[in-house]
Colleague: 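The structure is given below, and queries will be raised subsequently.
The shown structure was predicted, so the numbers you read here are calculated from the model rather than taken from an experiment. In the text below, chain A, chain B and the rest are named by the order of the sequence lines, each starting its count at 1.
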2 protein chains.
Amino acid sequence: MQRYFTITQLTQEFDITTRTLRFYEAQGLVTPQRRGRQRLYTPGDRTRIKLILRGKRLGFSLAEVKELIGMYGSAPGETGQLRLLMEKIAARREELLEKQRDIELTLLELEEVEAGALARMEELSPVTSEER
Amino acid sequence: MQRYFTITQLTQEFDITTRTLRFYEAQGLVTPQRRGRQRLYTPGDRTRIKLILRGKRLGFSLAEVKELIGMYGSAPGETGQLRLLMEKIAARREELLEKQRDIELTLLELEEVEAGALARMEELSPVTSEER
DNA sequence: AGATCTATTGACTTTAACGTAAAAAGGCGG
DNA sequence: CCGCCTTTTTACGTTAAAGTCAATAGATCT
């Protein structure tokens, strides 16, 4: 098993540029080790990158993604901090649930459009019952 | 029932600025009527605005949203156009389904973090079995 | 009509998230 | 050691999506 990934390996795997990865690093989203000046990414770093990209797909900003990822590692000692963490979790969950509803609605609407389109196609080129 | 909405009514309802609505108009996402220079939004316009904001919440760009909304009104006559429409629908559906999976994963991870946090709280302030 | 509000337009600015280009620094094959 | 290649740094450019500001232009209240 490979201990480290190079930057180009990861850019190829995730179809992003080196600029992007270095930018994420500058924003404090990943902190690969160095061998001299060269970056070495651990499997953990790779996972974080996956999480970043997933967050982006969901429309979160990098700042939001950073906060989200920050939660994963943290088991803060103080009760106050824990309460704060729980609140953040609740807030994120609400957002995600809203997005789920948004998606459901959009999928339903797409279905309607599709049904309409199918009906139009039937109209235009009748039965063709032998296809499929 | 109200036939028209003013721009400020809509900005208040959706918690956006007038600048935003005029920008959407400049991008061809809504085309309110005019009474003199004043904009008058129909219930249909209002619905489009809702769709725009929903698309944005899901991380779509305005250009993508425009394409999406464009599908709703269209029942193109030509078979070729219909086929194209169906393909677009399929593509959007794929994206949305991926987002659904992304959300599921994120929710699961949040649950884990929450469970960890809860455990830590138990540790710190024991039982308190009378609460709730 | 005058004063005051609100809406519109146009120009310029801002922010996030990179892209692009140039220069320097290692690493490697011959 | 030399030339070549990749990586890194630094700096500046770009794009989408508005924000901000100033100058009108109507509309409204009195």
Colleague: Within the pair A:T6 and D:dT7, is there a side-chain N or O less than 4.0 Å away from OP1 or OP2?
Modeller: no

Colleague: Is the closest basic N to carboxylate O distance between A:E25 and A:R22 below 4.0 Å?
Modeller: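 Answer for the salt bridge query: no.
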
Colleague: Would you kindly give the OH-to-C1' distance between A:Y41 and D:dT8, to the nearest whole Å?
Modeller: 11 Å

Colleague: Should A:L97 and A:I89 be counted in the same cluster of Ile, Leu, Val, Met, Phe, Trp and Tyr side chains packed under 4.5 Å apart?
Modeller: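 Cluster IDs for A:L97 and A:I89 match.
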
Colleague: Under 3.5 Å, is there a donor-acceptor pair between the side chain of B:R57 and the main chain of A:K99?
Modeller: no

Colleague: So among B:F5, B:Y41, B:Y24, which one has a side chain to side chain contact (heavy atoms under 4.5 Å, CB included) with B:I49?
Modeller: B:Y41

Colleague: Within this structure, what is the CZ-to-C1' distance between A:R34 and D:dT7, rounded to whole angstrom?
Modeller: 10 Å

Colleague: Do B:M71 and A:L107 belong together in a cluster built from hydrophobic side chains that touch within less than 4.5 Å?
Modeller: yes

Colleague: Once you round it to whole Å, what is the distance between P of C:dC18 and CZ of A:R22?
Modeller: 14 Å

Colleague: Is any side-chain N or O of A:R39 closer than 4.0 Å to OP1 or OP2 of C:dG26?
Modeller: no

Colleague: Cluster question for you: counting only ILVMFWY and a side-chain heavy-atom cut-off of under 4.5 Å, with indirect links fine, are B:I69 and B:L84 together?
Modeller: no

Colleague: Whole Å only: how far is the CD atom of A:E25 from the C1' atom of D:dT7?
Modeller: 13 Å

Colleague: What do you reckon, is CZ of A:R35 surrounded by more than 12 foreign heavy atoms closer than 6.0 Å?
Modeller: no

Colleague: Can you measure A:L10 atom CG to D:dT8 atom C1' for me and round it to whole angstrom units?
Modeller: 16 Å

Colleague: Rounding to a whole Å, what distance do you find between B:Q9:CD and C:dT6:P?
Modeller: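 Computing the B:Q9:CD to C:dT6:P distance gives 14 Å.
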
Colleague: Side chains of A:T20 and A:T17: donor-acceptor distance under 3.5 Å anywhere?
Modeller: yes

Colleague: Could you run down the sub-3.5 Å N/O contacts of the protein with nucleotides 22-27 of chain D?
Modeller:
none

Colleague: Just checking B:T18: base, sugar-phosphate only, or nothing, at a heavy-atom cut-off of under 4.0 Å?
Modeller: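 If one applies the 4.0 Å heavy-atom cut-off, B:T18 turns out to touch nothing in the nucleic acid.
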
Colleague: Whole angstrom is fine here: how far is it from CG in B:L40 over to P in C:dT6?
Modeller: 18 Å

Colleague: Sort me out a list of protein N/O and nucleotides 15-19 of chain D N/O pairs below 3.5 Å, or just none if empty.
Modeller:
residue: D:dA17; atom: OP1; partner: B:L62; partner atom: N; Å: 2.7
residue: D:dA17; atom: O3'; partner: B:K56; partner atom: NZ; Å: 3.4
residue: D:dA18; atom: OP2; partner: B:Y24; partner atom: OH; Å: 2.8
residue: D:dA18; atom: OP2; partner: B:K56; partner atom: NZ; Å: 3.1
residue: D:dG19; atom: OP2; partner: B:T17; partner atom: OG1; Å: 2.7
residue: D:dG19; atom: OP2; partner: B:T20; partner atom: OG1; Å: 3.2
residue: D:dG19; atom: N7; partner: B:R19; partner atom: NE; Å: 3.4
residue: D:dG19; atom: O6; partner: B:R19; partner atom: NH2; Å: 3.2

Colleague: Do side-chain atoms of A:K66 reach the backbone of A:Q27 as a donor and acceptor pair under 3.5 angstrom?
Modeller: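 Side chain of A:K66 to backbone of A:Q27, a donor-acceptor pair under 3.5 Å: yes, one is there.
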
